[in-house]
Amino acid sequence: MTRDRSLVVSLHDVSPLTRADCTAILAQLRTLGVAQTSLLVVPNHHRRAPMMADPSFGAWLRELAARGHEIVMHGYHHLRDRRPGESVRDRLTTRFYTANEGEFYDLDRASARQLVTTAREEFQQLGLAPTGFIAPAWLLGAEAEEALRDLQCEYTTRLGSVLDLRTGRVFTSQSLVWSVRSAWRRRMSLAWNALLYRRLAAHPLLRISIHPVDLAHAKIWQQIGELTTRALAEREPLTYLAWLTRQRAARPN
């Protein structure tokens with residue numbers, strides 16, 4: 001393991017709806033040697049699971065944070081209503097690439113600011129103070145990005161990068177992630193992530209992004225475990241915020 005090469009494992013879509021699978025995933029990651037992850041929490045998942053209505057969920061998040069996991073804001077509803085007159089590109093991005101979950105894809109600045117403010121306030125009521133925000137499906141529009149700066153969020157990520165919102169510095173790093181909605185997507189994911197892992201062998205940051213549904217697919221979960229184990233042999237596991245803090249210290253503005 002070397003300090004100049006890092007591994008960030010993030011668990012997406014954490015909510016009362018997915019808590020059981022997330023608990024199982026975290027237990028298996030801990031067995032592999034990943035004790036701290038970045039947990040992307042949805043405050044009201046698909047408008048069906050408000051975290052404020054589930055006191056045990058809040059207590060569980062506080063326990064995880066106390067153990068060193070990072071709590072990250074992950075949208076608010078993780079759901080985007082379809083708009084009339086959408087372009088072909090918009091339909092492909094929001095319906096094919098992601099199943100109507102690109103909540104922050106084309107939000108205006110004021111709407112994005114309001115949703116993130118509400119999310120932050122709810123986390124604070126739970127005794128948590130997340131400083132990072134990652135949009136559902138990594139689809140963050142330009143105005144929504146400005147809203148994050150308005151609110152002094154520390155960072156965000158996209159599929160291919162990590163953005164330090166304080167300094168404006170962009171770190172290129174393609175995340176490994178699996179799509180499991182159909183058999184052909186699963187086959188493509190297995191092939192693509194095997195290739196991507198090899199391509200990123202010398203990269204200073206490796207990102208492995210896990211979704212609760214990955215656990216239900218044996219071959220997907222097997223590959224996640226194998227690649228995580230291989231990465232841990234030569235990389236230090238960190239949360240996004242810990243990794244970013246180290247980058248800032250190494251090159252202060």
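In this chain, residues are counted from 1 in sequence order.
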Enquirer: For the atom pair NE2 (His69) and CG (Leu61), what is the distance rounded to the nearest 0.5 Å?
Expert: 11.0 Å

Enquirer: Checking side chain to side chain contact (heavy atoms under 4.5 Å, CB included) between Leu206 and each of Thr228, Leu227, Leu7, Leu196, which is the one that passes?
Expert: Leu7

Enquirer: Would the number of heavy atoms belonging to other residues, nucleotides or ligands and lying under 6.0 Å from CE of Met52 be above 12?
Expert: yes

Enquirer: Could you verify whether a donor N or O on one side chain and an acceptor N or O on the other, from Thr117 and Glu121, lie under 3.5 Å apart?
Expert: no

Enquirer: Shortest non-hydrogen contact from Ala65 to Leu128?
Expert: CB-CD2, 3.9 Å

Enquirer: May I have all residue pairs that pass ring pair (Phe, Tyr, Trp, His ring centres under 6.0 Å) and include part of residues 147-166, sequence neighbours excluded?
Expert: Tyr155-Tyr240

Enquirer: If hydrophobic clusters are built from ILVMFWY residues whose side chains come within less than 4.5 Å, do Leu190 and Val213 share one?
Expert: yes

Enquirer: Flag the pair Glu234 and Arg5 as a salt bridge only when some basic side-chain nitrogen lies within less than 4.0 angstrom of an acidic carboxylate oxygen.
Expert: yes

Enquirer: For the residue pair Thr157 and Leu163, establish whether any side-chain heavy-atom pair is separated by less than 4.5 Å.
Expert: no

Enquirer: Using 0.5 Å steps for rounding, measure from the CZ atom of Phe104 to the CZ atom of Phe133.
Expert: 3.5 Å

Enquirer: If you measure only the distance, is there a donor-acceptor pair under 3.5 Å linking the side chains of Ser38 and Glu70?
Expert: yes

Enquirer: Just by modelled atom types, is the Leu205 backbone N or O under 3.5 Å from a matching donor or acceptor in the His203 side chain?
Expert: yes

Enquirer: Could you work out, with salt bridge (Lys or Arg N to Asp or Glu O under 4.0 Å) as the rule, every residue matching Glu154, not counting sequence neighbours?
Expert: Arg166, Arg248

Enquirer: Would you say the side-chain atoms of Thr31 pair up with the backbone N or O of Ala27, donor to acceptor, closer than 3.5 Å?
Expert: yes

Enquirer: Within the 3.5 Å criterion, strictly below it, is a donor on Ser111 or Asp108 matched to an acceptor on the partner's side chain?
Expert: yes

Enquirer: Taking only residues two or more places apart in sequence, or in another chain, which ones meet His217 in a ring pair (Phe, Tyr, Trp, His ring centres under 6.0 Å)?
Expert: none

Enquirer: Can you check whether Ser189's main-chain N or O pairs, donor with acceptor, with Asn193's side chain at less than 3.5 Å?
Expert: yes

Enquirer: Would you please test Val14 and Val42 for side chain to side chain contact (heavy atoms under 4.5 Å, CB included) and show each step?
Expert: CA-CA 6 Å; Val14 178; Val42 185; over 6 Å; no

Enquirer: Is there a path from Trp221 to Ile208 through hydrophobic residues (I, L, V, M, F, W, Y) whose side chains come within less than 4.5 Å of each other?
Expert: yes

Enquirer: Dump the intermediate steps for side chain to side chain contact (heavy atoms under 4.5 Å, CB included) on Val177 and His211, then the final yes or no.
Expert: CA-CA 8 Å; Val177 63; His211 290 79; 3.6 Å; yes

Enquirer: Check this for me: does any side-chain nitrogen of one of Glu143 and Arg113 sit under 4.0 Å from a carboxylate oxygen of the other?
Expert: no

Enquirer: Say you draw a straight line from OG1 of Thr156 to CH2 of Trp138; how long is it, rounded to the nearest 0.5 Å?
Expert: 11.0 Å

Enquirer: Atom OH of Tyr76 and atom CD of Gln114: how far apart are they, to the nearest 0.5 Å?
Expert: 10.0 Å

Enquirer: Specify the closest pair of heavy atoms between Ser10 and Leu40, including all atoms of both residues, with the distance to one decimal.
Expert: CB-CD1, 4.0 Å

Enquirer: Identify whether the distance between the nearest side-chain nitrogen and carboxylate oxygen of Arg230 and Glu226 falls below 4.0 Å.
Expert: no

Enquirer: Do any N or O atoms from the side chain of Thr18 and from the backbone of Asp21 form a donor-acceptor pair under 3.5 angstrom?
Expert: no

Enquirer: Should Asp164 and Thr167 be marked as a side chain to side chain donor-acceptor pair (under 3.5 Å) after you check the CA-CA gap, both sets of side-chain angles, and the distance that decides it?
Expert: CA-CA 6 Å; Asp164 185 338; Thr167 66; 3.2 Å; yes

Enquirer: What pair of heavy atoms forms the shortest contact from Arg207 to Leu159, and how long is it?
Expert: NH1-O, 3.3 Å

Enquirer: Determine whether the side chains of Ser175 and Ser209 contain a donor N or O and an acceptor N or O closer than 3.5 Å.
Expert: yes

Enquirer: Step by step, work out the side chain to side chain contact (heavy atoms under 4.5 Å, CB included) result for Arg246 and Glu236.
Expert: CA-CA 12 Å; Arg246 184 171 294 178; Glu236 181 181 9; 2.7 Å; yes

Enquirer: Step by step, would you call Trp243 with Val162 a side chain to side chain contact (heavy atoms under 4.5 Å, CB included)?
Expert: CA-CA 10 Å; Trp243 181 84; Val162 178; 4.2 Å; yes

Enquirer: Enter the distance from Met73:CE to Leu39:CG here, rounded to the nearest 0.5 Å.
Expert: 14.0 Å

Enquirer: Please say yes or no: joined through hydrophobic side-chain contacts below 4.5 Å, possibly via intermediate residues, are Trp60 and Leu215 part of one cluster?
Expert: yes

Enquirer: With a 6.0 Å cut-off on the ring centroids, do His74 and His12 count as close?
Expert: yes

Enquirer: Is the CZ atom of Arg67 crowded by more than 12 outside heavy atoms at less than 6.0 Å?
Expert: yes

Enquirer: Glu145 and Arg109: salt bridge (Lys or Arg N to Asp or Glu O under 4.0 Å), yes or no, with the steps?
Expert: CA-CA 8 Å; Glu145 182 179 312; Arg109 189 170 183 170; over 6 Å; no

